[in-house]
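Here the structure comes first, spelled out in structure tokens, and everything after it is commentary.
We count residues from 1, following the sequence as given. Since this is a predicted model, take the numbers as computed values, not measurements. All ligand and atom numbering here is 1-based and tracks the order in the structure.
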Amino acid sequence: MTQHAVESSDTARSEAVSDALSDPFTPPAGSALWRKNFLLGAATASYQIEGAVSEDGRLPSIWDTFSATPGKVLHGDTGAVACDHYHRWESDIELLTSLNFEAYRLSIAWPRVMDEAGRPNRKGVDFYKRLLGKLKDNGVQTFVTLYHWDLPQHLEDRGGWLNRDTAYRFADYADLMSRELGGHVDAWMTLNEPWCSAFLGYGNGHHAPGLANTRYATQAMHHLLLAHGLATAVLRENDPASKKGIVANVGKSSANSLSAEDKRAAHLFEVQHNAWILDPLLKGEYPRDLWSLWPEAEPLVLDGDMRTIHAPLDFLGINYYFRTNVQSDGAHGYTEVPLAGVERTQMGWEVYPEGLRDLLIGFHRNYPALPPIYITENGMASDDRVSDGRVDDAQRIAFLKRHLAAVDQAIAEGVDVRGYFVWSLLDNFEWAFGYERRFGVVHVDYRTQQRTVKRSAQLIAKFLQERASRA
Ligand code: FCB
């Protein structure tokens with residue numbers, strides 16, 4: 001090696017080091033994330049950001065009712081104002097585009113767009129038309145979730161997801177939305193995280209509507225999945241050019257010991273969290289092991305339901321956050337045993353990017369019918385504060401980088417992952433935890449509604465700009 005070569009490689013090395021310090025986000029050269037067709041976006045959901053809960057004809061949802069019930073949400077917070085996005089949508093979209101995001105995942109509030117008789121609420125529909133129109137004008141790809149948990153209260157009053165009829169009402173809603181908004185939507189997602197709707201909503205009562213019975217959870221899940229299948233057929237008919245999918249939250253488990261019982265417990269955790277949703281969608285059947293975990297909780301399934309649920313998907317949305325360590329409960333289930341000494345977020349969730357990689361590779365191997373995947377949510381909460389007009393969210397920057405690297409490794413193993421959405425664009429109403437837990441890459445001061453771009457968002461924007469500028 002000549003003297004010159006040594007010098008230039010030293011310079012390159014020190015440049016790389018100072019780059020890593022000043023920019024701890026940018027993926028390494030050769031990463032799939034540099035590919036322009038790997039979509040990078042941000043995600044939100046209607047109830048968590050919109051506010052304006054009784055404006056322009058919006059009807060009450062189960063989350064209005066639940067959050068108004070004392071003791072259900074931390075500090076008694078509700079989504080009544082949230083990020084006031086219903087009024088600030090234009091500047092919020094300008095903020096999104098100024099951060100160079102290429103795609104935006106949002107959800108439609110069902111109670112805003114349809115009245116009790118199933119007729120459109122024009123003002124609500126027009127809100128989403130304007131919003132999606134502006135995104136399209138700015139070249140942002142639109143990923144639209146139909147149901148991110150804000151069920152109209154009048155449907156809950158008739159049994160909600162325990163009532164099979166709700167699945168048909170959902171198909172009517174999908175019909176209306178795809179006729180009204182077709183052409184403005186690149187990708188439709190029927191449901192966000194049916195596991196949370198079914199289990200947290202009807203199985204343990206931590207989420208709206210707050211019922212707690214395992215039998216309810218499995219029946220609600222069946223009706224949710226049926227709703228998905230019915231709606232997918234409607235969306236295909238009305239809006240053939242768009243992609244159709246669904247979003248599942250998936251969980252990684254570890255066994256607390258090498259004993260067969262604890263390994264079985266870890267397996268059952270993943271059956272309950274992952275296979276409960278993915279098997280019916282991708283294999284057309286519920287996993288048998290679910291009924292050893294929950295004997296006598298099999299839902300009522302009518303002829304033809306599983307075929308409807310098993311309808312082909314154009315993509316699968318995966319939301320991933322953390323790993324759970326479990327042991328056998330001594331009977332037929334599992335209990336959580338929190339690991340000591342691991343990194344955690346403001347939610348108390350373990351930071352475990354390898355879980356995302358391993359789950360993706362596992363799904364790829366176990367489901368021959370697995371469609372292309374988008375990571376539709378990943379991110380973390382931290383107690384972010386504004387100081388001198390800046391928010392330095394160092395833990396989030398490292399978190400995002402490590403999870404993107406995990407996605408990259410899964411892609412290298414052959415998994416077809418097409419994009420990644422950070423949860424969330426804005427700090428927002430984090431369900432039962434209210435406003436205390438901040439997931440945004442943009443900080444929101446709820447007193448003034450002032451938005452402050454966090455350092456994580458600045459670094460994502462910088463990377464996206466650099467990627468776009470490369471030939
Ligand atoms: C997911 C939800 C999303 C958000 C994140 C933190 O379960 O889909 O709305 O609350 O968790």
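The number of heavy-atom neighbours closer than 6.0 Å to NZ of K129, taken from other residues, nucleotides and ligands shown, is above 12.
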Check your understanding: Can you list the steps and then say if L464 with L99 is a side-chain contact (heavy atoms from CB on, under 4.5 Å)?
Key -> CA-CA 8 Å; L464 285 170; L99 295 172; over 6 Å; no
Distance-only donor-acceptor pairs under 3.5 Å for side chains of residues 354-363, two or more places apart:
{"from": "R357", "atom 1": "NH1", "to": "Q409", "atom 2": "OE1", "distance (Å)": "3.0"}

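Partners of K244 under the salt bridge (Lys or Arg N to Asp or Glu O under 4.0 Å) rule, at least two apart in sequence or in another chain, do not exist in this structure. Residues satisfying the ring-ring contact (aromatic ring centres under 6.0 Å, His included) test with H273, not counting sequence neighbours, are W195, F269.
F143 pairs with exactly one of Y374, Y104, F101, W188 by the ring pair (Phe, Tyr, Trp, His ring centres under 6.0 Å) rule, that one being Y374.
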In a simple table, one pair per line, please give the protein and ligand 1 atom names for every N or O pair closer than 3.5 Å, along with the distance.
{"from": "ligand 1", "atom 1": "7 (O)", "to": "E193", "atom 2": "OE1", "distance (Å)": "2.5"}
{"from": "ligand 1", "atom 1": "7 (O)", "to": "E193", "atom 2": "OE2", "distance (Å)": "3.0"}
{"from": "ligand 1", "atom 1": "8 (O)", "to": "H148", "atom 2": "NE2", "distance (Å)": "3.2"}
{"from": "ligand 1", "atom 1": "8 (O)", "to": "N192", "atom 2": "ND2", "distance (Å)": "2.9"}
{"from": "ligand 1", "atom 1": "8 (O)", "to": "E193", "atom 2": "OE1", "distance (Å)": "3.3"}
{"from": "ligand 1", "atom 1": "8 (O)", "to": "E193", "atom 2": "OE2", "distance (Å)": "3.3"}
{"from": "ligand 1", "atom 1": "8 (O)", "to": "E377", "atom 2": "OE1", "distance (Å)": "3.2"}
{"from": "ligand 1", "atom 1": "8 (O)", "to": "E377", "atom 2": "OE2", "distance (Å)": "3.0"}
{"from": "ligand 1", "atom 1": "9 (O)", "to": "Q48", "atom 2": "OE1", "distance (Å)": "2.7"}
{"from": "ligand 1", "atom 1": "9 (O)", "to": "H148", "atom 2": "NE2", "distance (Å)": "2.8"}
{"from": "ligand 1", "atom 1": "9 (O)", "to": "W431", "atom 2": "NE1", "distance (Å)": "3.0"}
{"from": "ligand 1", "atom 1": "10 (O)", "to": "Q48", "atom 2": "NE2", "distance (Å)": "3.3"}
{"from": "ligand 1", "atom 1": "10 (O)", "to": "E430", "atom 2": "OE1", "distance (Å)": "2.6"}
{"from": "ligand 1", "atom 1": "10 (O)", "to": "E430", "atom 2": "OE2", "distance (Å)": "3.3"}
{"from": "ligand 1", "atom 1": "10 (O)", "to": "W431", "atom 2": "NE1", "distance (Å)": "3.0"}

